[in-house]
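The first residue in the sequence is number 1, and the count goes up from there.
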Amino acid sequence: YYGGGNNDLEMAKTICGYIKEYNDAYKNTLGEVKVLVDLQYSDFWADPEKQAAPKAWAELSIEDKVQKVTEFTNYCLTEISATGVTIGMVQIGNETNTGICGTKVPSIEEKDFEAEKETLKNSDYIKIFAAGCDAVDQYNTDHGTTVKKVVHFTDPHTAGTFYAKMLKTGGVNYDVYATSYYPFWHGTTDNLKTMLSAIAEACNVEVMVAETQYVYTNDDYDGADNQAYEGKNNIDLSKWPVSVQGQANEIRDVMYAAANAENGIGMFYWEPAWLGVGNAYNDDGT
């Protein structure tokens with residue numbers, strides 16, 4: 001374990017057990033809570049700066065790695081479904097702009113995707129995505145379910161349709177394109193809506209925001225540097241004040257952008273259960 005939560009399959013099953021209890025108590029009046037399963041295919045949190053393969057898979061051939069992704073995806077779906085929750089969606093990778101499971105993004109420009117279609121299909125990057133999506137399709141066939149396949153990227157202010165078209169041209173059969181969106185890094189909500197709509201139209205997929213968050217205070221609750229605050233690295237927080245109401249306004253605006261994009265299905269907030277528990281460090285820095 002590396003720390004940072006150790007949110008492995010066993011912890012996911014524990015969380016889903018709580019969701020099952022909630023659904024048993026309230027679904028008849030409030031509706032059923034489904035889950036999005038985020039498979040990162042790495043030993044630690046995956047993001048654009050780190051997309052390492054699990055240590056146990058690192059030296060495998062791409063063919064063997066594809067087999068491991070297939071088996072792991074099916075196993076996770078089987079184990080989580082056994083808790084009694086309904087899996088609504090499965091995310092194949094997490095913020096995969098630079099790679100997935102130790103593979104790298106092919107060096108092909110968007111204008112050349114069709115001409116280089118076979119090269120894309122045979123790239124290790126595309127093979128991992130295809131393996132994850134195909135495993136979900138097989139699970140749906142075997143169990144009569146309708147779990148949606150999600151791909152997840154970030155930097156919506158610069159990404160455009162690049163990754164969405166790359167996967168579709170490469171033959172990856174996904175249902176939902178998801179993006180992270182943090183306003184202090186990723187531009188305006190108007191641009192977010194425009195980008196999601198362009199992807200939905202170009203690739204005939206649903207679109208959503210997989211992560212967003214916003215600050216309500218500049219106070220420090222854990223001894224670690226806040227991700228965003230007024231004056232940090234020239235971050236512009238002028239549209240939404242750093243306050244409870246400012247946070248509410250940001251969430252509302254992101255919801256509006258995601259819901260009103262073409263084929264938009266909504267958003268997830270990151271991370272609603274995390275609360276500061278006091279300074280994590282002693283005076284001497286330990």
Side-chain angles (χ1 to χ4, degrees), residues 2 4-5 7-9 12 35-58 60 62 64-77 80 87-106 108 120-121 123-139 147-156 158-182 186 196 199 203 205-212 265 267-268 270-271:
Y2 294 93
N7 194 0
D8 57 10
L9 179 58
V35 297
L36 163 61
V37 180
D38 180 0
L39 300 178
Q40 308 207 10
Y41 306 109
S42 187
D43 288 331
F44 189 63
W45 194 261
D47 59 36
E49 295 182 355
K50 47 187 181 296
Q51 291 286 343
K55 293 187 297 294
W57 302 358
L60 296 179
I62 186 59
D64 288 341
K65 193 180 287 185
V66 162
Q67 184 62 32
K68 289 294 186 183
V69 167
T70 300
E71 293 171 353
F72 179 73
T73 303
N74 183 274
Y75 181 68
C76 288
L77 286 170
I80 290 173
I87 300 174
M89 295 185 279
V90 172
Q91 194 172 294
I92 307 301
N94 193 81
E95 294 188 330
T96 51
N97 297 53
T98 57
I100 185 173
C101 197
T103 68
K104 302 295 183 183
V105 177
I108 300 175
L120 279 178
K121 287 182 178 179
S123 70
D124 294 352
Y125 181 78
I126 292 293
K127 286 179 179 179
I128 295 296
F129 277 105
C133 288
D134 290 349
V136 177
D137 283 339
Q138 188 61 55
Y139 182 88
V147 178
K148 293 181 180 180
K149 300 149 292 181
V150 181
V151 296
H152 178 203
F153 297 88
T154 189
D155 297 335
T158 60
T161 59
F162 180 85
Y163 298 102
K165 286 184 176 179
M166 175 186 285
L167 296 188
K168 280 294 183 180
T169 305
V172 179
N173 182 30
Y174 67 93
D175 303 305
V176 182
Y177 180 98
T179 186
S180 297
Y181 173 74
Y182 298 99
H186 296 151
L196 290 176
I199 288 171
C203 299
V205 293
E206 294 177 318
V207 292
M208 71 178 192
V209 172
E211 299 179 22
T212 192
I265 60 173
M267 56 157 277
F268 290 83
W270 178 260
E271 203 305 353

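- Legend: residues meeting ring pair (Phe, Tyr, Trp, His ring centres under 6.0 Å) with F129, ordered by chain and number and at least two apart, are Y125.
- Remark: the backbone N or O of A164 is not paired with any side-chain donor or acceptor of T161 at under 3.5 angstrom.
- Scanning for side chain to side chain donor-acceptor pair (under 3.5 Å) contacts around D155 gives H186, with sequence neighbours left out.
- Y163 pairs by the side chain to side chain donor-acceptor pair (under 3.5 Å) definition with nothing, not counting sequence neighbours.
- Partners of Q67 according to the side-chain contact (heavy atoms from CB on, under 4.5 Å) rule, which considers only residues two or more places apart in sequence or in another chain, are E71.
- Between T154 and A159, the shortest heavy-atom distance links the atoms O-CB, 3.8 Å.
- If you take CZ on F162 and CG on N97, they are separated by 10.0 Å, rounding to the nearest 0.5 Å.
- Partners of Y174 under the ring pair (Phe, Tyr, Trp, His ring centres under 6.0 Å) rule, at least two apart in sequence or in another chain, do not exist in this structure.
- For Q40, the side chain to side chain donor-acceptor pair (under 3.5 Å) test picks out D38, with sequence neighbours left out.
- H152 pairs in a side chain to side chain contact (heavy atoms under 4.5 Å, CB included) with only one of the listed residues (T179, V176, N94), which is N94.
- Taking the salt bridge (charged side-chain N to carboxylate O under 4.0 Å, His left out) definition, one finds that K149 meets it with D137, D175, sequence neighbours left out.
- Between the side chain of Q51 and the backbone N or O of E95, at least one donor-acceptor pair lies under 3.5 Å.
- A donor-acceptor pair is defined here as one N or O able to donate and one able to accept, closer than 3.5 Å; such a pair exists between the side chain of T70 and the backbone of V66.
- Checked against salt bridge (charged side-chain N to carboxylate O under 4.0 Å, His left out), K148 has the following partners two or more places apart in sequence or in another chain: E206.
- T103 has its side chain out of reach of K127: every pair of non-hydrogen atoms, C-beta onward, lies at least 4.5 Å apart.
- In this view, T73 and Y41 satisfy the side chain to side chain donor-acceptor pair (under 3.5 Å) rule, not counting sequence neighbours.
- When the shell of 6.0 Å around CD of E271 is examined, it contains more than 12 heavy atoms from other residues, nucleotides or ligands.
- For F268, there are no ring pair (Phe, Tyr, Trp, His ring centres under 6.0 Å) partners at least two apart in sequence or on another chain.
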message = Could you walk me through whether D124 and K65 satisfy the side chain to side chain contact (heavy atoms under 4.5 Å, CB included) test, starting with their C-alpha distance in whole Å, then the side-chain angles of each, then the deciding distance to 0.1 Å, before giving a yes or no?
response = CA-CA 10 Å; D124 294 352; K65 193 180 287 185; over 6 Å; no
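- Counting only heavy atoms from C-beta outward, the side chains of C101 and W57 approach each other to under 4.5 Å.
- Partners of Y181 according to the ring pair (Phe, Tyr, Trp, His ring centres under 6.0 Å) rule, which considers only residues two or more places apart in sequence or in another chain, do not exist here.
- Within the structure, salt bridge (charged side-chain N to carboxylate O under 4.0 Å, His left out) contacts touching residues 96-106 (residues at least two apart or in different chains) do not occur.
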